[in-house]
Amino acid sequence: MDPVVLFFLLGIAARLLKSDLRLPEALYETLSIFLLLAIGIKGGVELAKQPLAALAPQAISVILMGALIPFLLFPILSWLGKLSRPDAASIAAHYGSVSVVTFAVASAYLLKQGVAVEPYMPLFVALLEAPGIIAGILLARSANLSSIRWGELAHEVFCGKSVLLLVGGILIGACAGPDGIKPIAPLFLDLFKGVLALFLLEMGLVAGGRLPDLRQAGVFLVAFGLITPSLLAMLGMGVGYAIGLTPGGATLLACMAASASYIAAPTAMRIAVPEANPALSIGVALGITFPFNITVGIPLYHRLAQTLFN
Amino acid sequence: MDPVVLFFLLGIAARLLKSDLRLPEALYETLSIFLLLAIGIKGGVELAKQPLAALAPQAISVILMGALIPFLLFPILSWLGKLSRPDAASIAAHYGSVSVVTFAVASAYLLKQGVAVEPYMPLFVALLEAPGIIAGILLARSANLSSIRWGELAHEVFCGKSVLLLVGGILIGACAGPDGIKPIAPLFLDLFKGVLALFLLEMGLVAGGRLPDLRQAGVFLVAFGLITPSLLAMLGMGVGYAIGLTPGGATLLACMAASASYIAAPTAMRIAVPEANPALSIGVALGITFPFNITVGIPLYHRLAQTLFN
Amino acid sequence: MDPVVLFFLLGIAARLLKSDLRLPEALYETLSIFLLLAIGIKGGVELAKQPLAALAPQAISVILMGALIPFLLFPILSWLGKLSRPDAASIAAHYGSVSVVTFAVASAYLLKQGVAVEPYMPLFVALLEAPGIIAGILLARSANLSSIRWGELAHEVFCGKSVLLLVGGILIGACAGPDGIKPIAPLFLDLFKGVLALFLLEMGLVAGGRLPDLRQAGVFLVAFGLITPSLLAMLGMGVGYAIGLTPGGATLLACMAASASYIAAPTAMRIAVPEANPALSIGVALGITFPFNITVGIPLYHRLAQTLFN
Amino acid sequence: MPTHARQLLVIITEAALEKNLIKAARQHGAQGYTIYDVRGGGQHGTREDSWEADRSIEMKVICTQEVAQQLSQYILTTYCPHYSVSMFIAEVSVLRPEKY
Amino acid sequence: MPTHARQLLVIITEAALEKNLIKAARQHGAQGYTIYDVRGGGQHGTREDSWEADRSIEMKVICTQEVAQQLSQYILTTYCPHYSVSMFIAEVSVLRPEKY
Amino acid sequence: MPTHARQLLVIITEAALEKNLIKAARQHGAQGYTIYDVRGGGQHGTREDSWEADRSIEMKVICTQEVAQQLSQYILTTYCPHYSVSMFIAEVSVLRPEKY
Ligand SMILES: Nc1ncnc2c1ncn2[C@@H]1O[C@H](COP(=O)(O)O)[C@@H](O)[C@H]1O
Ligand SMILES: Nc1ncnc2c1ncn2[C@@H]1O[C@H](COP(=O)(O)O)[C@@H](O)[C@H]1O
Ligand SMILES: Nc1ncnc2c1ncn2[C@@H]1O[C@H](COP(=O)(O)O)[C@@H](O)[C@H]1O
Ligand code: NA
Ligand code: NA
Ligand code: NA
């Protein structure tokens with residue numbers, strides 16, 4: 001098993017053992033800033049070599065996919081799950097957005113397997129952050145759309161930390177190019193996997209602390225958190241196939257679709273849909289779907305891609 | 001002199017000069033989490049190659065040594081030093097446990113000298129954390145053993161940060177193996193020595209701040225802090241010889257025996273033996289024994305080993 | 001453009017976009033401790049090879065230059081700028097002292113251009129920290145020199161974080177030498193440029209937050225912040241020429257002269273000259289001169305040196 | 001030196017509300033505020049993690065009784081129904097009444 | 001809106017006691033607590049280091065007078081003899097009496 | 001258990017003053033102090049950055065009314081003219097009067 005996943009399990013174990021292990025808040029923030037920048041830079045360096053216009057149709061498809069997911073999940077959550085409108089919309093928004101760390105773990109997994117991927121995939125991560133969140137808010141407020149403050153919302157989403165650092169990293173990588181990036185590579189590229197490992201230790205601590213929330217969530221949500229990722233992965237893979245990605249790229253897009261956001265979405269939904277109970281959305285996203293994806297999901301989607309594309 | 005020791009001296013100097021240099025608390029915590037994990041991982045990678053059962057007799061000897069040390073030191077501290085029972089027991093516990101950083105500096109020293117050591121020594125560090133502390137608590141509470149809450153104590157010691165990260169690192173290293181660890185090696189292995197240097201800067205600041213405590217401690221404790229390490233080193237070396245370690249391994253075990261804990265022990269003793277004055281135990285462990293070991297002690301014990309083993 | 005400058009621009013952009021991106025305080029402190037130590041160590045390693053006595057005349061010239069600058073700028077600020085005595089003196093002190101990060105960016109720029117520099121330049125950074133500050137305080141308090149508490153002031157300046165870490169790094173580098181430094185090089189040397197990039201991201205955030213202060217500052221100060229660096233750079237280059245530096249060394253000294261301190265000076269002036277409005281000095285130093293130097297100034301001074309020295 | 005009676009309104013709540021609370025304080029006439037990061041526990045469980053969705057802040061506002069009353073009332077109706085919020089008011093005295 | 005009188009018990013002490021104090025607060029009937037990291041100085045010298053044995057915390061408990069009295073009494077007898085502890089009580093008013 | 005009236009003096013100001021304030025507190029007879037890092041805003045704009053010149057601290061001193069009065073007066077005349085300072089005083093009660 002990949003050592004970064006072992007760090008995640010160590011974090012979960014520490015929580016279940018009620019250890020006093022805590023990562024300082026400043027370390028958590030530092031690691032997440034680092035990961036977002038590094039993912040962006042790595043993508044940007046490659047992007048410099050691409051004719052950007054050619055990406056436009058792919059980019060639009062990816063954005064539409066992100067916006068579509070909440071509309072697909074909302075009815076399931078509210079009818080099958082009997083969740084209130086705000087709760088159903090909020091959970092749907094988390095799955096519409098994307099988990100940057102799941103993307104990073106999946107990239108590392110494919111790299112290790114020797115599978116090539118489109119170098120501009122980090123751009124899609126940045127594109128996928130927002131649409132799902134906006135769709136979720138629309139769903140929650142559909143009775144009263146005029147109450148949405150679009151300006152504030154757009155600002156929050158597009159100038160939020162995650163999008164800004166991802167896009168900033170991409171621009172820095174693209175401007176500097178492979179040679180320009182060399183002096184900062186020992187920090188941003190060579191240490192990437194190690195930093196990801198540390199971050200997963202923290203994610204394990206957080207996810208482990210979320211397991212009690214699942215009692216509140218109930219059987220339906222646990223099942224939802226286990227089954228949905230695979231369905232969304234198939235959607236992601238289909239989109240990837242349709243827009244002409246390589247098997248590796250389609251696998252990565254599947255992982256993005258299958259993942260649920262736990263940085264941008266919780267913060268945005270807390271402000272935009274206060275009636276939603278964050279214990280439900282975060283419990284299922286972080287307590288079920290995230291661990292499922294990084295342990296079982298990623299290899300599974302990869303195998304699926306191998307079958308589909310051959 | 002090894003540059004990491006120079007960082008320690010810089011820290012002491014900054015304190016004595018009353019400089020406003022402070023390392024942020026989050027950095028201190030980050031560095032100590034890093035060191036514990038990295039030491040564990042390095043040991044674990046090698047452990048994967050060992051037949052574990054063969055280590056059992058050695059492991060038991062090491063545990064017994066840790067538990068024995070407080071019983072040896074307690075009478076000296078209470079009769080010769082005229083210290084109260086809680087103070088004598090608490091100081092004895094600090095020396096029974098182990099200083100992870102002393103171990104790290106000693107490992108780096110031996111590496112530089114080209115001396116081979118058993119690769120599983122980090123396991124012994126993890127094993128030595130707890131027994132000395134438990135022995136010290138027994139000594140402090142011997143009049144009233146039933147008042148010890150064993151469950152809580154065991155939990156605190158075995159699920160405490162240090163043991164958990166060391167053991168977690170060992171397990172991660174052992175599971176991942178030399179190849180699996182490669183992607184995270186630039187962080188956890190290549191940066192190790194530099195991080196150790198930064199940590200020693202902080203230890204210098206802390207130790208320098210402890211020097212005034214020594215006035216409280218008095219002449220006896222200062223002498224105790226200077227003489228005890230060498231005696232314990234001889235004990236450690238004897239145990240190392242008896243269990244068949246190489247000269248390098250025996251030197252490392254000597255350094256562990258000679259060192260006094262300043263992470264696990266102070267915290268545990270503060271809760272378990274509140275009557276003990278922490279200024280005494282910490283003053284002597286950090287203000288005297290730690291500096292002695294990393295500047296004079298380690299080379300001394302190494303020379304001793306060369307003499308003894310030839 | 002050098003990627004580290006792009007990080008600075010990203011920071012400014014984040015501020016102007018009112019993004020919620022913040023670097024944790026502990027990270028800021030960690031990065032600045034790291035940079036000061038690393039600059040010192042790099043210089044110290046080379047210094048070990050120099051006959052120190054030969055540097056004395058150069059060192060004295062550099063110190064005098066630092067002390068002279070405030071006396072040159074003070075009349076301009078108070079007569080032309082009509083600033084109060086404390087404000088004029090405080091701003092003058094900032095320019096008399098030195099910006100460590102400007103030095104670091106300039107060094108990296110010259111390295112990339114393949115320009116050789118004297119290896120002991122970091123020593124001059126340490127020497128330049130204090131004289132400008134002391135001169136500025138003299139100017140502010142000239143009516144009442146006896147009110148200056150020289151002991152406290154000297155302690156604050158010479159045992160302050162920046163000088164202590166720079167000098168400490170130099171000593172560690174000099175004692176350890178090129179071979180001794182190797183084990184800590186992966187942290188302190190290889191990561192240097194990447195850490196500098198992160199620090200510039202933070203400086204961008206801070207500088208961006210200072211732009212509103214410039215409204216308080218007015219047209220005169222903005223012009224002052226744009227024009228002064230080039231004049232000081234010529235002074236620095238002249239001094240560099242006079243004391244026999246190489247073109248690269250003279251360029252670096254020009255950059256030091258042209259830069260305004262934003263670590264040591266603001267803190268020292270706040271205590272020593274409380275009547276000065278820090279928004280003015282920090283606004284112009286960080287909002288104007290720092291960005292000017294790292295984007296336009298450094299290449300400009302370099303070209304100037306090429307012209308002058310050929 | 002004469003002192004002047006003011007009220008100290010303290011609000012302990014989720015970090016996500018920081019920007020909104022600052023705005024609300026200004027709108028209700030507070031001339032300043034002080035914030036720091038805390039951890040804690042209450043009816044809604046413990047909030048002790050370093051993770052963004054689990055951070056708490058404490059906000060202090062020194063103000064007149066009128067402002068304290070209106071601001072606390074506004075927070076009570078706007079945020080208390082859906083967010084973890086603790087609030088209390090203490091009587092304090094200040095030296096420069098014009099500042100608060 | 002009517003306000004209700006409660007007491008605010010503030011305890012400044014060694015970080016090592018955090019878990020014990022939370023437990024004690026709950027056992028004595030407090031419905032919540034808020035903690036943050038502080039530095040300071042007093043009879044037992046300065047506690048300003050980043051190092052674990054030298055950290056201090058401040059704990060706030062809003063509660064009824066009865067709980068405040070019993071909890072502070074318990075801390076006084078259990079912890080004050082051997083630990084650095086500062087404690088004080090202030091009168092505060094709250095809007096939702098059932099919460100405290 | 002009898003409680004004893006003391007005053008709590010709270011000073012919110014620029015981090016640069018930390019050392020000076022500790023000294024002033026001791027000189028005016030305070031037997032202890034507690035400090036932590038805060039962010040905030042007031043007349044002099046917002047102070048929310050991680051950068052050294054932009055840091056704020058909050059200092060708490062539990063002391064007799066006399067010490068509180070003299071210390072606050074000293075700070076008012078010495079530091080308030082040129083620094084960002086907020087100060088207030090609250091009535092509190094303590095259990096161990098000899099300590100404060
Ligand atoms: N009785 C209390 N005393 C002090 N702080 C409290 C109290 N109750 C709640 N808090 C704080 O307010 C936050 C939200 O409270 P709650 O909404 O009750 O979960 C908690 O995380 C605590 O930090
Ligand atoms: N008079 C005081 N005012 C404010 N805080 C205090 C006071 N005395 C003590 N403290 C705090 O309580 C901690 C322990 O106090 P002590 O037991 O007196 O050393 C100190 O480190 C301070 O943080
Ligand atoms: N009314 C207030 N309530 C709470 N804190 C305040 C208030 N006014 C000012 N402060 C704090 O005191 C600091 C300095 O205030 P000022 O000098 O008004 O800018 C601010 O940064 C705030 O942290
Ligand atoms: Na998704
Ligand atoms: Na030992
Ligand atoms: Na200068």
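For chain B, the nearby parts of I172(C) are the backbone and the side chain; heavy atoms of each come within less than 4.5 Å. If you measure heavy-atom distances from I41(C) to chain B, the contacts under 4.5 Å come from the side chain alone. Both the backbone and the side chain of F7(B) come within contact range of chain C, judged by heavy atoms closer than 4.5 Å. Proximity to chain C (any heavy atom under 4.5 Å) is restricted, for L201(B), to the side chain, taken from C-beta onward.
Interface summary for chain B: among C175(C), P183(C), G177(C), G160(C), the most heavy-atom pairs under 4.5 angstrom belong to P183(C). The choice from L164(C), L165(C), L191(C) that makes the most heavy-atom pairs within less than 4.5 Å of chain B is L164(C). Of the residues considered (L196(B), L17(B), V195(B), L111(B)), L17(B) shows the highest number of contacts with chain C, using heavy-atom pairs under 4.5 Å.
Looking only at side-chain heavy atoms (C-beta outward), L198(B) and F188(C) come within less than 4.5 Å of each other. Within the 4.5 Å cutoff, side-chain heavy atoms of P24(B) are placed close to those of I33(C). At a threshold of 4.5 Å between non-hydrogen side-chain atoms, the residues L171(C) and L6(B) do not count as touching.
Among residues at least two apart or in separate chains, there is no salt bridge (Lys or Arg N to Asp or Glu O under 4.0 Å) pair with a member in residues 168-177 of chain B.
The two residues G168(C) and L10(B) come nearest to each other via the heavy atoms CA-CD1, 3.7 Å. The nearest pair of heavy atoms linking A197(B) to I184(C) is CB-CG2, 4.2 Å.
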Between chain B and chain C, are any donor-acceptor pairs under 3.5 Å, and how far apart is each one to 0.1 Å?
| residue | atom | partner | partner atom | Å |
| --- | --- | --- | --- | --- |
| L17(B) | O | H155(C) | NE2 | 2.6 |
| K18(B) | O | H155(C) | NE2 | 3.4 |
| S19(B) | OG | C159(C) | O | 2.7 |
| D20(B) | OD1 | K161(C) | N | 3.1 |

